[in-house]
Enquirer: 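Dropping a structure here in structure tokens format, bear with me for questions.
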Amino acid sequence: MGLTQSRSSVVFRSRFRVSSTGDGVRGTSSGIDGRANVSERLGPPSQNCADLLRVGLEFLDLLSVALTLCDSSSRLLHTNQIARHMLNSGDGLRIDSSGRLRTSKASRPVLSEVIRELAKAKPAPSDPTHVVIAVPRPSGKRTLIVSVLSPAFLADHTDSLVPAVPVIFWEHEERCGIKRRIWCEGWDFTPAECRFANLLMEGLSLADCCQQLGICRSTGAFHLKNLFRKTGARRQIELLSILFRAIGVRSVVHRGSRGAVVGLSPRVKSNVGDLPAERSFFAEAYSS
Amino acid sequence: MTYHNGNGSNLVDLATIVLGTLDLLRTGVVMISIRGQLLWANRAAVDILNAHDGLEVDANDFLLFSQGSCRFPIESMSTGTAVAWADGYGEPSIKYVDRPSGKRDLMVISRRTSYFGDGHDTHKPFALVFIQDPDLAVRISQRELRQLYGLTLTEGSMANFLMEGSTLEECCRRLAIRPSTARMHLRNLLDKTGTRGQGELVCLLFRNHGLMNAPPVPETSHRNSDGPQKVFKIFHETRTYTWG
């Protein structure tokens, strides 16, 4: 238990850093009290780690981010739902017959070598937090961007029995169907402007947007002008920058249908118990 | 090498790693209890809360709106019976939160967790809160841009400026280059990323990289934008990766 206790503090360390520019007493007290109370309130870590893990994985599912944990030989230890779905499609990443994470086509640098190298890396503050790999996709979509995170950076793994290397990726090519409610409440967009903004965020030009929506160019220019007015942007690039920063990662909304769970060993799968059949949070919030 | 759940210590590892992964996200994520108290927040959220600009945490860990100091409304989410909760997902609530500093509103999306122990346990995560700060700069490290698309330093800086919404003229000024040179760099940038225009380029960059936080790099000179040189060697390749 002593070991567990000490490692759980890694989870909470720096959770409540006091801002150096905090406004006097209030900032300071909330910072320090926060740190002390949180680990206390969460109780013994052995009970609450399952909660934190479950909810942590749920966050990633809701953000439509695929997470897989691998050991140093790329064998899969754990995946979230989004990852299972994406691995199942085999478009970029897949699982081979021995349960190892593989790229569908050769990538550079080689995924398994990056994983092996990061798994044995000693924790050092100068190391990168993650290594990014471009993985070609058999379907002909743009390359999948896969980030292999450094476990040494995420946690103090010197006394860990199983070093697990997190690999995260997400679907870049999904439609950008941001729900009207998001635009209407915050930005006061009309329905036509919502559709227009969604198409712009998929990278379409003004002419392409007009074609897709079946409107003439002058109408498109009119919508664009109104979008500029409502967001305070002066140009199309600036508009995109504002929209993406305000809406964030919702461009990675994953709305595909879920496939069957890939062949993970039951022991691995039951690590935190099965999460309820998930529905993507953002898929709900943003489905048109 | 087995992976077992028996003594709970591996769960600690797993939780540490999953929460550590959330720490790298640009979006602030917060877990709150049924009483509205903060249970866990990732780095991006801690930065937002520490700024006391829109959302903050009081001395008792209650999540508050900075203006009016009213508590984050949890009641609206907690209506319904325990049976309904077992189903898990309520409609997420979307709020735009005013900021005293006059910056763009924070977008705050909250919803219950799909899983909620047995009833009113104040120690368990009850709701998930996502906080998006529109004024947070998005910056891609030169290392990533070089490795993925083969961009030079100048092209990498230009890609970052375009993501900030800069025009080509502004890029010229910030990089101290001529318009004709800038147009050449832009052409190379489009070639290397396989995009057809500035709009598509910016969309590609946001979609591929807008999720993860790169560590802040001081914007002094684009020539040095790799920041403090920290070289990380991966296996026995001649290639090294610079973290900037």
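The chains referred to below are lettered A, B, ... by the order of the sequence lines, with proteins before strands, and numbering in each begins at 1. These numbers come from a predicted model, not from an experiment.
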Enquirer: Among B:R104, B:R196, B:M163, who wins on heavy-atom pairs under 4.5 Å with chain A?
Expert: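 Going by pairs under 4.5 Å, I would pick B:R104.
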Enquirer: Quick check on the interface: out of A:I237, A:L239, A:L206, who has the most heavy-atom pairs with chain B under 4.5 Å?
Expert: A:I237
Enquirer: Please classify the contact between A:S107 and chain B as side chain, backbone, both or neither, with a heavy-atom cut-off of under 4.5 Å.
Expert: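 For A:S107, neither part sits under 4.5 Å from chain B.
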Enquirer: Using heavy-atom distances under 4.5 Å, tell me whether B:V97 contacts chain A through its side chain, its backbone, both, or neither.
Expert: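 The answer is neither part of B:V97.
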Enquirer: Between B:L204 and chain A, which part of the residue has a heavy atom less than 4.5 Å away: side chain, backbone, both or neither?
Expert: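 Contact with chain A: side chain only.
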Enquirer: Are the side chain of B:R26 and the backbone N or O of B:A137 linked by a donor-acceptor pair below 3.5 Å?
Expert: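 Flag set: sc B:R26 to bb B:A137 pair under 3.5 Å.
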Enquirer: Answer yes when B:R99 and B:D53 have at least one side-chain N-carboxylate O distance shorter than 4.0 Å, and no when they do not.
Expert: yes
Enquirer: Between B:F130 and A:F59, does the ring centroid distance fall short of 6.0 Å?
Expert: yes
Enquirer: What's the spacing between B:L106 CG and B:Y96 OH if we round to 0.5 Å?
Expert: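 Reported value, rounded in 0.5 Å steps: 11.0 Å.
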Enquirer: Please classify the contact between A:S147 and chain B as side chain, backbone, both or neither, with a heavy-atom cut-off of under 4.5 Å.
Expert: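 The side chain, not the backbone.
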Enquirer: Contact part of B:D105 toward chain A, heavy-atom cut-off under 4.5 Å: side chain, backbone, both or neither?
Expert: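 Neither part.
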Enquirer: Quick check on B:L25 against chain A: is it the side chain, the backbone, both or neither that has a heavy atom closer than 4.5 Å?
Expert: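 Answer is side chain: those atoms of B:L25 sit under 4.5 Å from chain A.
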Enquirer: With a 4.5 Å cut-off on heavy-atom pairs, point out which of A:R142, A:E238, A:Q236, A:R234 contacts chain B the most.
Expert: A:R142
Enquirer: Taking the side chain as every heavy atom from C-beta outward, state whether A:V165 and A:L149 have any pair of such atoms under 4.5 Å apart.
Expert: no
Enquirer: Would you mind checking which part of B:L136 comes under 4.5 Å of any heavy atom in chain A, side chain (CB onward), backbone (N, CA, C, O), both or neither?
Expert: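 For B:L136, backbone heavy atoms alone lie under 4.5 Å from chain A.
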Enquirer: Kindly compute the distance separating CG (B:L190) from CD (B:Q198), expressed to the nearest 0.5 Å.
Expert: 7.5 Å
Enquirer: Under the 3.5 angstrom rule, does the side chain of B:N160 hit a backbone N or O of B:I140 as a donor-acceptor pair?
Expert: yes
